[in-house]
Structure formats: structure tokens, C-alpha cells
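Report on one structure; see the data block that follows.
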Amino acid sequence: MKRIQYKRILLKISGEVLTGEGDYGIDPEVIRQIAQEVKEVKNLGVEVAIVIGGGNIFRGMAASAKGMDRASADYMGMLATVMNGLALQDALEKIDVDTRVQTAIEMREIAEPYIRRRAIRHLEKGRVVIFAGGTGNPYFTTDTTASLRAMEIGAEVILKGTKVDGIYNADPLLSKRAQKYDELTYLDVLKKQLKVMDATAISLCIDYHIPIIVFNLKKRGNIKRIILGERVGTKVKG
Ligand code: UDP
């Protein structure tokens, strides 16, 4: 019998994973699959918190590069994460997984406001908690949100779900010769300027020693494999 390696995890889901074949919007089938994976892991007795991105709908930086005020664009990006969060909550609840969405910007008619102790209580009761709205501040990313929330709720690991199998020395979607790293240190990521997570997100993990596992969320069973201690993706640690 394989042993469960982590009791409480923070799963970061990038917006780009939610798009299916296209590069925009939400593919209901993809969301359904992710919900199923989360359910399997939760059924192992693992507490699951999720930080959801919004890049599949809106990216503040891209809009500001085209002339929009950066802060306004970032607020739109944060709203995009709320849409994704509600879609994931819906998919989870359809398969009987109790789920709460908490937003960093208050919108009480739609979701709970972010309250750390309340989030922890939900996890203890076996509910999945989705953190939407990023940090609530412009100029940040949902990767930084993932590091921040992971620390706040005492998650043992950050699982960053992407479209590729881990961290490579070049973009694997563009170069056939790109090689995957099995393990890296936080400093490697910063020095080599690997586009895994932004520097703010990594620095938080350095300070508080939270390992990050970057993996392919589109491969069935990957989250469960990681929980059971299999080597999947790339592990970043101190
Ligand atoms: N965003 C923000 N502050 C945050 C988190 C996100 O302003 O704390 C905005 C930012 O504009 C970002 C967008 O929300 O481009 C979507 O988040 P992100 O790009 O991190 O999503 P992902 O790449 O994971 O899909």
C-alpha cells in the first residue's frame, strides 16, 4: 500500500489549463475532469485548497500593454478568476463534493469573502476551498496568491497544474529538444529565469520552505500519483 504524502495541499490551476483545445474560455469537459481528479484525491482523506488563475479569460498585463490602465486591467483579471472559480465549484458540487469559493475582493452575493480561519475550518470539515480573486491587489499574480494562501492555511505543498509535464530548459511546445528537470532548487529557478512561477511567488516559498511540484494537470490521475509519492513533474525545493 502506498502512503499518502501530504495531508493538506494547495492546488494551483492556471487559467490556460481550462481552455481545452482552444486558447480562450472554459471547456466544461476539462473542468469536469479536473473536478473528478480533485474528488479522487479528497476521497483519500487529503484536504484540498485551490487557487485558480484567470489567464484563459483576461490577463491584466496583456491589456495594459495595449494601453489600458494597469490597475484596472488587473482588477478585470481578478474578476476572471472568480468566473473560473464558480465554474469549478459548479463542477465539483455536481459530483457531490462540498465546495466553498472565497474571494479576496468582497462579492458576498456570489461567494464568501476570504477569511483564513474560516477557510481552514472548511478544509477540516472535508470541504474543498477555492480561493478566487487572486490576492485582491493589482500587480500580483495568482501564482503569488498560491504561495501566500499555502502559507496562510499551512499547506504542505503547492501543486502547480499546467499543460506540460514539468519544468523544461526550453519551451517543450516549441522545441523538441527541450529537456525536463526532475528536481530544481528555488534559486535555480530564479537564476535560470525559468518561467515556472514569478519571482515574488518563489521568494515566498524560499522563506517558508514550501515545496512546489509543477505537473501536467491534463494527464489523468497525476494529482493522485503525486499524493501517493510517485515522481511526477518537476519538484522545486530548497
Ligand atoms: N491578478 C491580479 N492580482 C492578483 C492575481 C491576479 O491583478 O493577486 C490579475 C492579473 O491581471 C492577472 C490576472 O488577474 O493577469 C489573471 O491571473 P493570472 O495571470 O495569474 O492567471 P493564470 O496565469 O494562472 O491563468
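Order of listing sets the numbers, starting from 1, for every ligand and every atom in it. Predicted model, so just to flag it, every value in this text is computed and none were measured. All values below were derived from every heavy atom in this structure, side-chain atoms included, with hydrogens, water molecules and symmetry-related copies excluded.
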task = For R127, enumerate each residue passing the side-chain hydrogen bond (donor to acceptor under 3.5 Å, both in side chains) test, keeping only those at least two apart in sequence or located in another chain.
result = H122

Proximal atoms of ligand 1 relative to N137 (non-hydrogen, under 4.0 Å) = 2 (C), 3 (N), 4 (C), 7 (O), 8 (O)

query = Is there at least one pair of N or O atoms, one from D143 and one from ligand 1, spaced under 3.5 Å apart?
reply = no

remark   = From the list I26, D23, V17, side-chain contact (heavy atoms from CB on, under 4.5 Å) partner of N56 resolves to I26

inquiry  = I'd like the name of whichever of L148, T19, N56, D74 reaches closest to atom 7 (O) of ligand 1 through any heavy atom.
reply    = D74

Tabulate below the donor-acceptor pairs under 3.5 Å that side-chain atoms of residues 231-238 make, not counting sequence neighbours, or state none.
unit_1 : atom_1 : unit_2 : atom_2 : d
T234   : OG1    : I167   : N      : 2.8
T234   : OG1    : Y181   : O      : 2.5

query = Looking at F131, is R100 sitting on its ring face, NZ or CZ under 6.0 Å from the six-membered ring centre and within 45 degrees of the normal?
reply = no

ask   = For A73 and ligand 1, does the shortest N/O to N/O distance drop below 3.5 Å?
value = no

request  = Identify, for atom 5 (C) of ligand 1, the protein heavy atom at the shortest distance, and state residue, atom and that distance.
outcome  = T141 C, 3.4 Å

ask   = Going by the atom numbers of ligand 1, which of them fall below 4.0 Å from some non-hydrogen atom of T145?
value = 8 (O)

request  = Give the numbers and elements of all ligand 1 atoms closer than 4.0 Å to a heavy atom of G15.
outcome  = 22 (P), 24 (O), 25 (O)

query = What do you reckon, is CD of E124 surrounded by more than 12 foreign heavy atoms closer than 6.0 Å?
reply = yes

task = Classify the contact between F58 and ligand 1 as side chain, backbone, both or neither, using a heavy-atom distance cut-off of under 4.0 Å.
result = backbone

query = Is G54 close to ligand 1, meaning an N/O of one under 3.5 Å from an N/O of the other?
reply = yes

ask   = Which ligand 1 atoms does T135 reach within 4.0 Å, using its non-hydrogen atoms?
value = 4 (C), 8 (O)

request  = Return the option from R59, M61, M78 holding the heavy atom at the smallest distance from atom 19 (O) of ligand 1.
outcome  = R59

task = Check ligand 1 against P138 and write out every atom of the ligand that is under 4.0 Å from a heavy-atom position of the residue.
result = 7 (O)

remark   = Rounding to 0.5 Å, atoms CG (L79) and OG1 (T81) come to a distance of 7.5 Å

ask   = With a cut-off of 6.0 Å (strictly less than), are more than 12 heavy atoms of other residues, nucleotides or ligands near CD of Q179?
value = no

key: Identity and separation of the nearest protein heavy atom to atom 12 (C) of ligand 1   = G60 N, 4.0 Å

ask   = Under 4.0 Å from any heavy atom of K12, which atoms of ligand 1 are there?
value = 24 (O)

